[in-house]
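Below is the structure I would like to discuss, written out as structure tokens.
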Amino acid sequence: MAAQEAVPLMRETEEQEVSALAPSHHIKPAKFDADTEHEDRTTGAMQTSAAVWQTRETYCEPGLKGIFASYYVALCAVFAALGGLLFGFDQGVVSVILTEDQFLNRFTRIAEGSSGAGFWKGLLTAMVELGALLGALNQGWVADKYSRKYSIVIAVVIFTIGSALQTAAVDYSMLTVARLIGGLGIGMLSMVAPLYISEISPPEIRGSLLVLEELSIVTGIVVAFWITYGTRYIDSEWAWRLPFLLQIFPGLALGGGIVFLPFSPRWLASKGRDREALINLAKLRQLPTMDRRVQLEWFDIRAEVALHQEINAERHPKLQDGSARSRFMLEIEGWLDCFRSGCWRRTHIGVGIMFFQQFVGINALIYYSPTLFKTMGLDYNLQLIMSGIVNICQLLGVTTSIWTMDSFGRRPLLLAGSIVMFLSHLIIAILVARFSYDWPGHRPEGWASVVLLLVYMVAFGMSWGPVPWAMPSEIFPSSLRAKGVALSTCSNWLNNFVIGLITPPLVESTGFGAYVFFAVFCLLSFVWTFFFVPETKGRTLEQMDHVFGDVSSEAEEARRRRIERHIVNKDEESPSI
């Protein structure tokens, strides 16, 4: 009953926000002849896969200049990306506390020398990923039903409960369950934050703003690592309880502040709330509602929504009566549509890019970097310090992608990153295989391995770190975007879970074989990207049908133009919209 009462309350809040934003006069599109208006609005990006700056007037320049020019949408994206900070914070905390005596004395099951310690350590680490997998999968319908921003609030509540339980954990079972609950919240946030950012961003800087998700994750890793590095000197169990407690506060800030951000214009349009979509779009672009660029983007959004609604009605004609059963079945069919003609290639790319992000070895290095540095001959204190430096290198790499994502594009970054990471892993494997039996006698080779690990982290931060978080939220059509991003994010967490589970026994039993394993996947990621991944730099979300070749026949193009003409005529007949 409480859930049913919450929906009208949310809707009332939304209406109050929109009323506050709305100008006192009616919003009217510019008056043109219908034929002229149709040509004027649809010329360019709507009918081609070319970048927007080649076909229409732009909002801003790509890269940093565009971010400063569009500072309001950038601030919204920065705030939404705080969800990534929570995941990164957890990673940074775990990488240190797994080595602390204060932690191991409480949870003896994972202490070195205990039976099955490697497995239990991997399971504890991987429980967040398992929870995140379930959270990301569940968040698809939540984000569609309650809006992108209110689904963030729901995720923060779940995350806060999980963090509180981790702080208070007294045995292994309680800590494991607590990490599962916290993972649910993290997974929900990891799915909806890039989804929200992609839907509010102008195409010229969408890639740069989506980098903020990965930048937030890595910042959380760095901050948490050094906080936990300091708290390990506390003699009591607060050495590890305090870092778990501190991660609650950025979560509360995100949950409280997100309600003041605008709704996604594309989500509003998908609910038939076109007038509110225009108002929010104009606010995000810091332009009047009558601005030509705003009107064109608003038109594109509505045309794409109408097109996919019409396709959905044709595919499922018996489920359009609005009954509870039909709504439930449409939800199921929506998930299945992600694997059908018109979307399966996008799903393949979204799931595949997240698969390779994990199997190139990044989280194995973050979670277990102290253990890996031990295999290179470093003492305990230096192992922890170098692990912190590794995270800083990744942060430096991610920072450069704020500029390169919308300047060089997604494909070049992925291809270059794969090659550099492959060579780094391969050379490290050779050095470890040849000299690990006597690192004290081969210090130069040991430090060469360390340097190559740092090179790997910079390369990952510049390429396979930010791009996989950006692309899934760009490529799916409006009707399936939340579900497609959810499936892609689930791929991330599922493979993250697998990596967290297999890395300790892999390192213990194979040594240099772990680096060979990840080197192979770095090479495979290059081949896969070369053959399957398209470029999305500078394209609007509504252009992805053309990028993926989904509009491939004259009949489909005629359908799109009929819908566009209908919207133009509707605007002429209803100037108060």
*Should the pair Phe521 and Phe359 be assigned to parallel (<30°), tilted (30 to 60°) or perpendicular (>60°) ring geometry?*
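Ring orientation, 0 to 90° scale: tilted.
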
*Write down the atom of Thr489, the atom of Ala136, and the distance for their closest heavy-atom approach.*
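Answer, listing the atom of Thr489 first, then Ala136: CG2-CB, 3.8 Å.
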
_Sidechain-backbone polar pair: Ser208 side chain, Trp403 backbone, donor-acceptor under 3.5 Å_ =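 Flag not set: sc Ser208 to bb Trp403 has no pair under 3.5 Å.
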
_Nearest heavy atoms of Leu480 and Gly334, plus distance in Å_ =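 Leu480 and Gly334 have their closest heavy atoms at CD2-O, 3.3 Å.
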
*asked:* Looking only at the aromatic ring of each residue, does the gap between the centers of Tyr150 and Phe263 stay below 6.0 angstrom?
replied: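 Judged by ring-centre distance (under 6.0 Å), Phe263 and Tyr150 do meet the cut-off.
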
*What is the minimum heavy-atom distance between Gly255 and Val259, and which atoms define it?*
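Residues Gly255 and Val259, closest heavy atoms: O-CG1, 4.2 Å.
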
*Between the main-chain N or O of Leu195 and the side-chain N or O of Ser473, is there a donor-acceptor pair closer than 3.5 Å?*
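Answer holds: no.
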
*Under 3.5 Å, side chain of Glu214 to main-chain N/O of Trp469, donor-acceptor pair present?*
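No: the side chain of Glu214 does not pair with the backbone of Trp469.
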
*asked:* So which atom in Leu413 and which in Thr404 form the shortest heavy-atom distance, rounded to 0.1 Å?
replied: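 Closest heavy-atom pair between Leu413 and Thr404: CD1-OG1, 3.7 Å.
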
*Given Ile217, Ile221, Val222, Val223, the one that forms side-chain contact (heavy atoms from CB on, under 4.5 Å) with Thr219*: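 Exactly one candidate clears the test, Val223.
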
*Measure centre to centre between the rings of Phe87 and Trp493, then say whether the value is under 6.0 Å.*
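Between Phe87 and Trp493, the centre distance is under 6.0 Å.
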
*Taking side chain as C-beta onward, heavy atoms only, is Leu541 less than 4.5 Å from Arg206?*
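Yes, their side chains come closer than 4.5 Å.
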
_Thr108 side-chain N/O to Asn105 backbone N/O, donor-acceptor pair under 3.5 Å_ =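 No; judged by distance alone, with no hydrogens or angles, the pair does not exist.
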
_Check: Ser401 and Pro466 side chains under 4.5 Å, non-hydrogen atoms_ =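 A side-chain contact exists here, since the closest heavy-atom pair is under 4.5 Å.
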
*Heavy-atom distance under 4.5 Å between the side chains of Lys271 and Glu276, does that happen here?*
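No. Closest side-chain heavy atoms not under 4.5 Å.
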
*Parallel, tilted or perpendicular: which fits the ring planes of Phe103 and Trp240, with parallel below 30° and perpendicular above 60°?*
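Correct class here is perpendicular.
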
_Donor-acceptor pair, side chain of Ser163 and main chain of Thr160, under 3.5 angstrom_ =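 No; judged by distance alone, with no hydrogens or angles, the pair does not exist.
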
*Does the side chain of Lys483 reach to within under 4.5 Å of the side chain of Glu331, using non-hydrogen atoms?*
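The answer is yes, as the side chains (C-beta and beyond) meet within the 4.5 Å cut-off.
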
*First locate atom NZ of Lys149, then atom SG of Cys76, and finally report the distance between them rounded to the nearest 0.5 Å.*
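So the NZ of Lys149 and the SG of Cys76 are separated by 9.5 Å.
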
*At what distance, to the nearest 0.5 angstrom, does OG of Ser173 lie from CZ of Phe107?*
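That separation rounds to 10.0 Å.
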
*Roughly how far apart are Leu494 CG and Leu134 CG, rounded to 0.5 Å?*
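Going from CG on Leu494 over to CG on Leu134, the span is 10.0 Å.
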
*Within-4.5 Å side-chain heavy-atom neighbours: Ser151 and Met188*: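 Ser151 does not reach Met188 side chain to side chain.
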
_Step-by-step salt bridge (Lys or Arg N to Asp or Glu O under 4.0 Å) determination, Asp171 to Arg106_ = CA-CA 7 Å; Asp171 57 32; Arg106 165 64 68 174; over 6 Å; no

*How many angstroms lie between atom CE of Met462 and atom CE of Met457, to the nearest 0.5 angstrom?*
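Here the rounded value is 14.0 Å.
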
*What are the two closest non-hydrogen atoms of Ile362 and Gln357, and how far apart are they?*
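Smallest heavy-atom distance, with atoms named: CG2-O, 3.3 Å.
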
*Looking just at side-chain N and O atoms, do Ser491 and Asn495 make a donor-acceptor pair shorter than 3.5 Å?*
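There is such a pair between these side chains.
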
*Heavy-atom donor-acceptor pair, Trp464 side chain to Gly461 backbone, under 3.5 Å*: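 Checked: no pair found.
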
*From Leu104 atom CG to Arg109 atom CZ, the distance as rounded to the nearest 0.5 Å*: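 Between Leu104 CG and Arg109 CZ, I get 14.0 Å after rounding to 0.5 Å.
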
*Heavy-atom distance under 4.5 Å between the side chains of Leu453 and Ser424, does that happen here?*
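Counting from C-beta outward, Leu453 and Ser424 never come under 4.5 Å.
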
*Evaluate side chain to side chain contact (heavy atoms under 4.5 Å, CB included) for Leu212 paired with Leu215, printing each intermediate quantity in order.*
CA-CA 5 Å; Leu212 296 174; Leu215 183 64; 4.1 Å; yes

*Can you tell me how far NZ of Lys283 sits from CG of Leu278, rounded to the nearest 0.5 angstrom?*
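Separation between the atoms: 14.0 Å.
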
_Treating Gln102 as the side-chain partner and Asp235 as the backbone partner, does any N or O pair qualify as donor plus acceptor under 3.5 Å?_
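No, Gln102 side chain to Asp235 backbone: no donor-acceptor pair under 3.5 Å.
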
*Donor on one side chain, acceptor on other, Ser525 and Ser418, under 3.5 Å*: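 The criterion, which ignores hydrogens and geometry beyond distance, is satisfied for Ser418 and Ser525.
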
*Identify the residue among Lys537, Arg410, Arg481, Arg346 that makes a salt bridge (charged side-chain N to carboxylate O under 4.0 Å, His left out) with Glu474.*
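Passing option: Arg410.
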
*Could you check if a side-chain atom of Leu85 sits within less than 4.5 angstrom of a side-chain atom of Leu82, using non-hydrogen atoms only?*
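Leu85 vs Leu82: side chains touch.
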
*asked:* Tell me whether the rings of Tyr229 and Phe225 are parallel (<30°), tilted (30 to 60°) or perpendicular (>60°).
replied: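 Aromatic pair Tyr229/Phe225 classed parallel.
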
*Any donor and acceptor pair, going by atom type alone, linking the side chain of Tyr59 with main-chain N or O of Ala69 inside 3.5 Å?*
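No: the side chain of Tyr59 does not pair with the backbone of Ala69.
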
*Give a yes or no on this: more than 12 heavy atoms of other residues, nucleotides or ligands lie within 6.0 Å of atom CZ of Phe68.*
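For Phe68, atom CZ is not crowded (no more than 12 foreign heavy atoms under 6.0 Å).
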
_Give me the atom names and distance for the closest heavy-atom approach of Pro468 to Ser463._
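Looking at all heavy atoms of both residues, the shortest contact is CD-O, 3.9 Å.
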
*Side chain of Arg266, backbone of Glu199: donor and acceptor closer than 3.5 Å?*
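Indeed, once roles are kept as given, a pair shorter than 3.5 Å links the two residues.
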
*With a 4.5 Å heavy-atom cut-off, do Arg179 and Leu130 have their side chains touching?*
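SC-SC contact between Arg179 and Leu130 ruled out.
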
*More than 12 heavy atoms from other groups under 6.0 Å of OH on Tyr233*: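 Atom OH in Tyr233 is packed in, count exceeds 12.
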
_Exam field: side chain Arg148 to backbone Ser264, donor-acceptor pair closer than 3.5 Å_ =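 No, because the side chain of Arg148 does not come within donor-acceptor range (under 3.5 Å) of the backbone of Ser264.
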
